[in-house]
Amino acid sequence: MSKDKSAKIPTPQPVRGTQDMLGDFADRFAHVVDTFDRVRRLYGYKRIEVPVIEPTAVFARSLGETTDVVSKEMYSFEDRGGESITLRPEFTAGIARAYISNGWQQFAPLKVATHGPLFRYERPQKGRYRQFHQLDAEVIGSDSPLADAELLVFADQLLKELGISEGVTLTLNTLGDAASRDAWRAALVEHFEAHRGDLSEDSLARLDKNPLRILDSKDPKDRPVADSAPDIDAYLTSEAQDFFGAVTAGLDAAGVAWERNARLVRGLDYYRHTAFEFVTDRLGAQGTVLGGGRYDGLIEALGGPPTAAVGWAAGIERLAMLVGDDVIDNRLDFVIAVEDDSQLALAMKMLAALRNGGFATEIVASGSPRKRFDKAAKIPARALVAIGMRDGVSYTNMRGDEELTIVANRTIRAL
Ligand code: ATP
Ligand code: MG
């Protein structure tokens, strides 16, 4: 071993596809989460927390083997007890598992919301990470189209309150009920069989197991065949048509704009009836900011009772990329400059009093006392309070927002 003390210790690198955040982007990220938390209360969604780790079967069984997530993207490992564990690649399956594990049927219909990190082994690029974050909202135990409509109105209001609804379009489809889906599936198989030679290898594998997913393929080779495939309309039963009609009537009544995309399918196998995506062309290829739909078959697939459910998830990073700078206001209420160290105790008391009173306050009390005022003046704040000592007499100087100055004066007098 080398004894050279100057030999460099290799610095550990971040895991590929993960992000560290500080400053502007972290602020926008927090703004997205805060806005979500405020809006979900307006719609009566309860906060829920579920584990980051689940038994692999939770995702393998519910998402379907042929999905990209299960076949290529999961972070799975054996723990020390030999159990196969997976870092959650999405929220819905874990929430469905929790619903069954805890007997939450008693609360149905259950409206819940959460946010947090998710993990997918994808090719990292702009708007696509291996650890990313989602907002998530679900209604479990409701087969009413009003639940679908409410979730969409919720999503629409969220995007509006984030100030990003301009240039973001709600695209909507129905995948019908089981009868509609089966008939459509048969028509799709016929179409894809006729164009076998033009399909990618992945899609040839999907053809046997889940041909709907070919419509969702990102491989450019598949696009012409996918785009010319029959849409579902000719195969919808009248029940499925009525359900979709009730969802769109709810949206129209609430004033939510939408567009039909008759070939929209979702990447995951468990969707029925409503499927939707909010898309934008402002993020390049990663244009879907929010997606979801109805997944009436999922809870049963996990061994629970037949349970109707609908939900959506939105990528926080993608939303944060769209949010404008103007929404972030990091300005403090007060900044206190301590110009003489003998006044430090008074300044600390004032700092505590202001913060206790709900005012965002910072203090500048280090470095050369003569430079502290200028240093404090550079910190964005609505009012600046200078505290010092001149000729044996304590003084305070204030400037900035008048109302805040009154508060600070009152605080100092009380001290
Ligand atoms: P995509 O088509 O972009 O791969 P998806 O269909 O896999 O998306 P969902 O599983 O529906 O996406 O997840 C919902 C949302 O989560 C997406 O619309 C997107 O905003 C975000 N998202 C999904 N995967 C990633 C990722 N790897 N990095 C960042 N955000 C992501
Ligand atoms: Mg994906």
Side-chain angles (χ1 to χ4, degrees), residues 15-19 21 25 28-29 32-33 36 59 62-64 66-75 86-96 113-138 151-152 155 158-159 162 164 167-173 175 202 206 210 212-220 222-223 226 261 263-271 274-295 298 310-323:
V15 172
R16 198 164 125 76
T18 63
Q19 283 202 101
M21 301 176 208
F25 194 68
R28 295 174 201 214
F29 188 103
V32 170
V33 173
F36 173 68
F59 306 110
S62 61
L63 273 55
T66 53
T67 59
D68 285 350
V69 171
V70 171
S71 61
K72 303 188 258 201
E73 299 174 0
M74 290 206 304
Y75 276 91
T86 293
L87 302 183
R88 65 185 178 199
E90 59 134 46
F91 276 114
T92 309
I95 292 174
T114 192
H115 86 277
L118 303 160
F119 304 85
R120 294 184 192 175
Y121 196 81
E122 303 206 63
R123 196 168 67 77
Q125 53 200 290
K126 183 185 168 209
R128 192 175 291 286
Y129 312 96
R130 289 184 175 173
Q131 174 173 338
F132 64 102
H133 301 76
Q134 282 182 347
L135 310 172
D136 186 272
E138 314 278 350
L151 270 162
L152 283 163
L158 173 68
L159 300 183
L162 286 171
I164 61 176
V168 178
T169 309
L170 164 56
T171 58
L172 188 62
N173 196 18
L175 305 177
D202 278 350
R206 291 175 187 130
N210 190 349
L212 263 66
R213 300 242 18 265
I214 298 175
L215 296 175
D216 202 27
S217 169
K218 292 197 179 66
D219 191 324
D222 292 324
R223 287 323 311 169
N261 174 357
R263 287 192 195 85
L264 174 78
V265 290
R266 300 279 307 143
L268 308 177
D269 280 356
Y270 49 63
Y271 286 102
T274 320
F276 53 86
E277 286 181 348
F278 284 79
V279 293
T280 176
D281 52 18
R282 286 166 57 199
L283 291 176
Q286 270 55 255
T288 307
V289 292
L290 186 153
R294 181 164 276 284
Y295 53 92
L298 171 65
V310 54
W312 56 250
I316 301 180
E317 287 85 352
R318 292 188 198 176
L319 293 173
M321 285 157 81
L322 292 173
V323 163

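Everything quoted here is computed from the prediction, not taken from an experiment. Throughout, numbering of the chain's residues begins at 1 and tracks the sequence. Read the numbers this way: they start at 1 and go in the same order the structure lists the ligands and their atoms.
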### Query
Do any heavy atoms of Glu90 fall under 4.0 Å from ligand 1?
no
### Message
With a 4.0 Å cut-off on heavy atoms, is Lys218 in contact with ligand 1?
### Response
yes
#### Entry: Within the 6.0 Å centroid threshold, strictly below: His133 and Phe29
yes
### pair Leu135-Ile316: side-chain heavy atoms closer than 4.5 Å
yes
### Query
Does at least one non-hydrogen atom of Gln286 fall below 4.0 angstrom from an atom of ligand 1?
no
#### Entry: Test side-chain contact (heavy atoms from CB on, under 4.5 Å) applied to Gln19 - qualifying residues, sequence neighbours left out
Met21, Phe25, Tyr129, Glu317
### Message
Below 4.0 Å, non-hydrogen atoms only: which portion of Leu118 touches ligand 1? Side chain, backbone, both or neither.
### Response
neither
#### Entry: Lys/Arg-Asp/Glu bridge criterion (N-O < 4.0 Å) met for Lys72, Asp202
yes
#### Entry: Minimum side-chain heavy-atom gap Asp136-Trp312 below 4.5 Å
no
### Query
Can you check whether Glu317 has an N/O within less than 3.5 Å of an N/O in ligand 1?
no
### Task
Mark up the atoms of ligand 1 that fall under 4.0 Å of a heavy atom belonging to Gln134, in ascending order.
13 (O), 14 (C), 15 (C), 16 (O)
### Query
Any N or O of Gly291 that comes nearer than 3.5 Å to an N or O of ligand 1?
no
### Query
Are Thr280 and Thr169 close enough that some pair of their side-chain heavy atoms sits under 4.5 Å apart?
no
### Task
Please examine the side chains of Arg294 and Tyr271, heavy atoms only from C-beta on, and report whether any two atoms are closer than 4.5 Å.
no
### Message
For Tyr129, which part has a heavy atom under 4.0 Å from ligand 1: side chain, backbone, both, or neither?
### Response
both
### Query
Heavy-atom distance to atom 26 (C) of ligand 1: which of Trp312, Phe278, Phe132, Tyr121 wins?
Phe132
### Task
Mind listing the closest non-hydrogen atom pair of Glu138 and Thr92 along with its distance?
OE2-OG1, 3.0 Å
### Atoms of ligand 1 close to Glu122 [distance to a heavy atom under 4.0 angstrom, numbered from 1]
24 (N), 25 (C), 26 (C), 27 (N)
### Query
For ligand 1, is there an N or O atom under 3.5 Å from any N or O atom of Val289?
yes
### Query
What do we get for Arg128 next to ligand 1 when only non-hydrogen atoms under 4.0 Å count, side chain, backbone, both or neither?
both
### Task
Please identify each residue that fulfils side-chain contact (heavy atoms from CB on, under 4.5 Å) with Tyr121, with sequence neighbours left out.
Tyr75, Arg130
### Task
Could you name the option among Arg123, Arg120, Glu277 that has the heavy atom nearest to atom 12 (O) of ligand 1?
Arg120
